[in-house]
Undergrad: 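My questions all concern the structure below.
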Amino acid sequence: MPYNDIFLDIITAKDTKMGEQMQKGFEIGFFKRKIEVNEEQIITANKEMEKLFLSKEKALVRHMIIKIEENLYADVTIANTKNDAQKICEKWTKNKHALSFLDLIEVVKFEGLEMLTFADIINE
């Protein structure tokens, strides 16, 4: 797994596109940019990875990079189930587009997680 991943089940959420309740699973991993990498490089590599790798994953509902603060990001993968999210994330280390993205970042590991209140989504 590329991150110190956390896999969770979403038990209720409003899907604004469908207008109905949904039940999904997701992964969240935290990272920083490597010193020589800028945010635009992260966005570009992420777009390529989504287009050439993640878009082919049938169980993927949504993928996003969230900027928490300067040089602290969360990678969020939402899938049909928590198990699907795990399977998608396991493929990252075997996919050249995901590996190109991973080469730009450093994993951040937390002893415990605190509630995330506000963040900016930097890709959609």
Undergrad: Any idea which heavy atoms bring L54 and L60 closest together, and the distance?
TA: O-CD2, 3.4 Å
Undergrad: Could you tell me whether R33 and E106 have a side-chain N and a carboxylate O separated by less than 4.0 Å?
TA: no
Undergrad: Minimum heavy-atom separation for V37 and L104, please, with both atom names.
TA: CG2-O, 3.6 Å
Undergrad: Between I65 and F31, is the side-chain contact (heavy atoms from CB on, under 4.5 Å) condition met? List the steps.
TA: CA-CA 10 Å; I65 304 293; F31 68 91; 3.9 Å; yes
Undergrad: Starting at CD1 of I68, measure out to OH of Y73 and round the result to the nearest 0.5 Å.
TA: 10.0 Å
Undergrad: About how many Å separate CZ of F30 and CD1 of I105, when rounded to the nearest 0.5 Å?
TA: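 Here the rounded value is 12.5 Å.
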Undergrad: Under a 4.0 Å threshold between the charged nitrogen and the carboxylate oxygen, would K82 count as salt-bridged to E27?
TA: no
Undergrad: W92 vs F53 aromatic rings, parallel, tilted or perpendicular, using cut-offs 30° and 60°?
TA: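 Ring orientation, 0 to 90° scale: perpendicular.
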Undergrad: Identify the heavy atoms of A79 and A85 that sit nearest to each other, and give their distance.
TA: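 Shortest heavy-atom contact: CB-N, 3.5 Å.
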Undergrad: In sequence, state the C-alpha distance, the side-chain angles, and the governing distance for K47 and T44, and then conclude on side-chain contact (heavy atoms from CB on, under 4.5 Å).
TA: CA-CA 5 Å; K47 285 180 180 178; T44 300; 5.9 Å; no
Undergrad: Check the surroundings of atom NZ in K32: do more than 12 heavy atoms from other residues, nucleotides or ligands lie under 6.0 Å from it?
TA: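 No, because the 6.0 Å sphere around NZ of K32 holds 12 heavy atoms or fewer from other groups.
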Undergrad: For H63 versus M49, what's the shortest heavy-atom pair and its separation?
TA: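 Heavy-atom minimum between the residues: CE1-CE, 3.9 Å.
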Undergrad: Could you measure the distance from the CD1 atom of I43 to the NZ atom of K67? Nearest 0.5 Å is fine.
TA: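 Between I43 CD1 and K67 NZ, I get 8.5 Å after rounding to 0.5 Å.
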Undergrad: Within the 4.5 Å heavy-atom criterion, are E57 and K91 side-chain neighbours or not?
TA: yes
Undergrad: Do the side-chain N and O atoms of D84 and T81 include a donor-acceptor pair separated by under 3.5 angstrom?
TA: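 T81 and D84 do have a side-chain donor-acceptor pair below 3.5 Å.
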Undergrad: Within this structure, what is the CG-CD1 distance for the pair N95 and I88, rounded to the nearest 0.5 Å?
TA: 12.0 Å
Undergrad: A side-chain contact here means heavy atoms from C-beta on lying under 4.5 Å apart; do D75 and I28 qualify?
TA: no
Undergrad: Supply the atom-to-atom distance N46 CG to E39 CD, rounded to the nearest 0.5 angstrom.
TA: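 Rounded to the nearest 0.5 Å, the CG-CD separation comes to 11.0 Å.
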Undergrad: Can you list the steps and then say if F101 with E48 is a side-chain contact (heavy atoms from CB on, under 4.5 Å)?
TA: CA-CA 9 Å; F101 176 82; E48 182 172 312; over 6 Å; no
Undergrad: Is the backbone of L52 close enough, under 3.5 Å, to the side chain of K56 for a donor and an acceptor to pair up by distance?
TA: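 Between the backbone of L52 and the side chain of K56 there is a qualifying donor-acceptor contact (under 3.5 Å).
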